[in-house]
Amino acid sequence: MDYTTEELMVIAAAREIRDKDVVFVGMRLPMLAFAVAKKLHAPDAIGFFECGIVRDEPPDELLYTMGDPPNVTGAQWCTSTNHLMFLMQQGCVDVGFIGGAQIDRYGNINTSYLGGTTTPKVKLPGSGGAADIASLSNRLLAIMNHEKRRLTDRVDYITSPGFGNGSGWRESVGLPRGGLSALITNLGVLKPDPETKELMLATIHPGVTFEQVQENTDWPLKRFDSLTETLPPSGEELKTLRSIDPEGFWTGRRKRKEA
């Protein structure tokens, strides 16, 4: 079956969303993953969008930003970011869904500085609401390309906390819940070891070898004994995703057609 890597990433991410989840939906691929989950296996999931929009149905049109008019039309609630953050602080958000520039072996995410804070090589956009989402949601999903410069042993700056330096860290700094549940990349899916909280390879995408994954990871990557191949997208999953993004704007099919 013909599909792009981006389509596989979206569908793998959608599978991590459970029915009845309240999902704090991030930009770009997370918006698609939420919509796919809603249409296929999580009909009672609720979407919180950081700009203050609450939806229980995906919009009829493709979203380029979460504040697009189609996301407002038919929304259950158009409120403020603060209101949604207050609900997240109370523990009402089951899963947060964000991206990042760097992530380390304990799931800490950097979207602030590359090269440290004193004389950074690159100043990134910063947190937005990502630090709040990572701190306060009951579990966290992250999605990004799998490159050695991105999956680094230690991030240059912790914008959004994962598990700090390992097991027990979140509790020690006053974050009694949450932490990274899954990292979806273009090579596989990583999940934290239940004991150490170090990210390990849980599934590997079709056609990818473990050596390729390790080559693109900045720490000695471990794998679960249950490591399997990521289940390829089904016909129904692809049909659903392509009905949401028919031109492949977010999922790479447009680039493939233009090439």
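Please read all numbers here as calculations on a predicted model, not as lab measurements. Quick note: residue numbers are just sequence positions, from 1. Atoms considered below: every heavy atom in the structure, side chains included; atoms not considered: hydrogens, waters and symmetry mates.
Here the side chain of Thr152 pairs no donor or acceptor atom with the backbone of Arg149 at under 3.5 angstrom. No donor-acceptor pair under 3.5 Å is formed between the side chain of Glu16 and the backbone N or O of Ala182. Side chain of Asp56 to main chain of Ile46: no donor-acceptor pair is present (N/O by atom type, distance under 3.5 Å, no hydrogens or angles). A donor-acceptor contact shorter than 3.5 Å is absent between the side chain of His146 and the backbone of Gln212. In this structure a side-chain-to-backbone donor-acceptor pair under 3.5 Å is present from Arg170 to Ser135. Remark: side-chain polar atoms of His205 are not paired, donor with acceptor, to backbone N or O of Met9 under 3.5 angstrom. The closest donor-acceptor contact from the side chain of Ser137 to the backbone of Leu140 lies at 3.5 Å or more, if one exists at all. When atom types are taken as modelled, the side chain of Thr5 and the backbone of Asn186 share no donor-acceptor pair closer than 3.5 angstrom.
Between Pro30 and Ile143, some side-chain heavy-atom pair lies under the 4.5 Å cut-off. Using a 4.5 Å heavy-atom threshold, the side chains of Val155 and Ile109 count as separate. You'll find the side chain of Leu87 stays beyond 4.5 Å of the side chain of Val93, heavy atoms only. Leu201 has its side chain out of reach of Thr217: every pair of non-hydrogen atoms, C-beta onward, lies at least 4.5 Å apart. Between Asp218 and Leu151, the closest side-chain pair of non-hydrogen atoms is not below 4.5 Å. Taking the side chain as every heavy atom from C-beta outward, Leu8 and Pro232 never approach each other to under 4.5 Å. For the pair Arg242 and Glu7, the minimum side-chain heavy-atom distance is below 4.5 Å. The closest side-chain heavy-atom distance from Asp132 to Glu50 is not below 4.5 Å.
With hydrophobic clusters built from ILVMFWY side chains whose heavy atoms lie under 4.5 angstrom apart, Leu221 shares a cluster with Met144. Residues Met85 and Phe97 are members of separate hydrophobic clusters, defined by side-chain heavy-atom contacts under 4.5 angstrom among Ile, Leu, Val, Met, Phe, Trp and Tyr. In this structure, Val208 is not a member of the same hydrophobic cluster as Ile11, with clusters built from ILVMFWY side-chain heavy atoms closer than 4.5 Å. Cluster annotation: Ile98 and Met31 are assigned to distinct hydrophobic clusters (Ile/Leu/Val/Met/Phe/Trp/Tyr, side-chain heavy-atom contacts under 4.5 Å, transitive). A continuous path of hydrophobic side-chain contacts links Phe34 to Val189 [ILVMFWY only; heavy atoms under 4.5 Å].
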Can you list the steps and then say if Glu237 with Arg15 is a salt bridge (charged side-chain N to carboxylate O under 4.0 Å, His left out)?
CA-CA 10 Å; Glu237 287 172 325; Arg15 293 168 181 162; 2.9 Å; yes
Side chain to side chain contact (heavy atoms under 4.5 Å, CB included) between Glu198 and Trp219, intermediate numbers included
CA-CA 10 Å; Glu198 181 176 332; Trp219 68 86; 3.8 Å; yes
Could you walk me through whether Leu136 and Arg177 pass side chain to side chain contact (heavy atoms under 4.5 Å, CB included), step by step?
CA-CA 7 Å; Leu136 300 173; Arg177 62 177 182 265; 4.1 Å; yes
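No option in Phe49, Trp77, Phe48 other than Trp77 meets the ring pair (Phe, Tyr, Trp, His ring centres under 6.0 Å) test with His83.
Among all heavy-atom pairs drawn from Leu180 and Gly107, the shortest one is CD2-CA, 4.0 Å. Closest approach of Leu199 and Leu190 over heavy atoms only: CB-CD2, 4.2 Å. When all heavy atoms of Val22 and Asp94 are compared, the closest pair comes out as N-OD2, 2.7 Å. When every heavy atom of Ser167 is checked against every heavy atom of Glu195, the shortest pair comes out as CB-O, 3.0 Å. Taking each heavy atom of Pro194 and Phe224 in turn, the nearest pair found is CD-CE2, 4.2 Å. In this structure, Glu57 and Gln76 approach most closely via the heavy-atom pair N-OE1, 4.5 Å.
Once rounded to the nearest 0.5 Å, the distance linking CG of Leu141 with CG of Leu29 reads 12.5 Å. Here the CZ atom belonging to Arg28 is positioned 9.0 Å from the CE atom belonging to Met66, to the nearest 0.5 angstrom. Between the OG1 atom in Thr111 and the CD1 atom in Ile103 there is a gap of 11.5 Å [rounded to 0.5 Å]. The CH2 atom of Trp250 lies 14.0 Å from the CD1 atom of Ile244; values are rounded to the nearest 0.5 Å. Interatomic distance, Leu63 CG to Asp245 CG, rounded to the nearest 0.5 Å: 10.5 Å. Between the CD1 atom of Ile204 and the CZ atom of Arg223 there is a distance of 8.0 Å, given to the nearest 0.5 Å.
By the neighbour-count criterion of 12 heavy atoms within 6.0 Å, atom CZ of Arg154 is densely surrounded, having more than that number from other residues, nucleotides or ligands. The environment of Lys222 atom NZ is sparse: at most 12 non-hydrogen atoms of other residues, nucleotides or ligands sit within 6.0 angstrom. Within 6.0 Å of the CD atom in Gln89, the count of heavy atoms belonging to other residues, nucleotides or ligands does not exceed 12. Heavy atoms from other residues, nucleotides or ligands lying under 6.0 Å from CG of Asp44 number more than 12.
Comment: Asp153 engages Arg105 in a salt bridge, judged by a side-chain N to carboxylate O separation of less than 4.0 angstrom.
Here Thr117 pairs with nothing under the side-chain hydrogen bond (donor to acceptor under 3.5 Å, both in side chains) rule; sequence neighbours left out.
Listed by first then second residue, pairs satisfying side chain to side chain donor-acceptor pair (under 3.5 Å) with a partner in residues 61-74 read Thr65-Asp68, not counting sequence neighbours.
With 3.5 Å as the limit, one finds a donor-acceptor pair spanning the side chains of Ser112 and Thr159.
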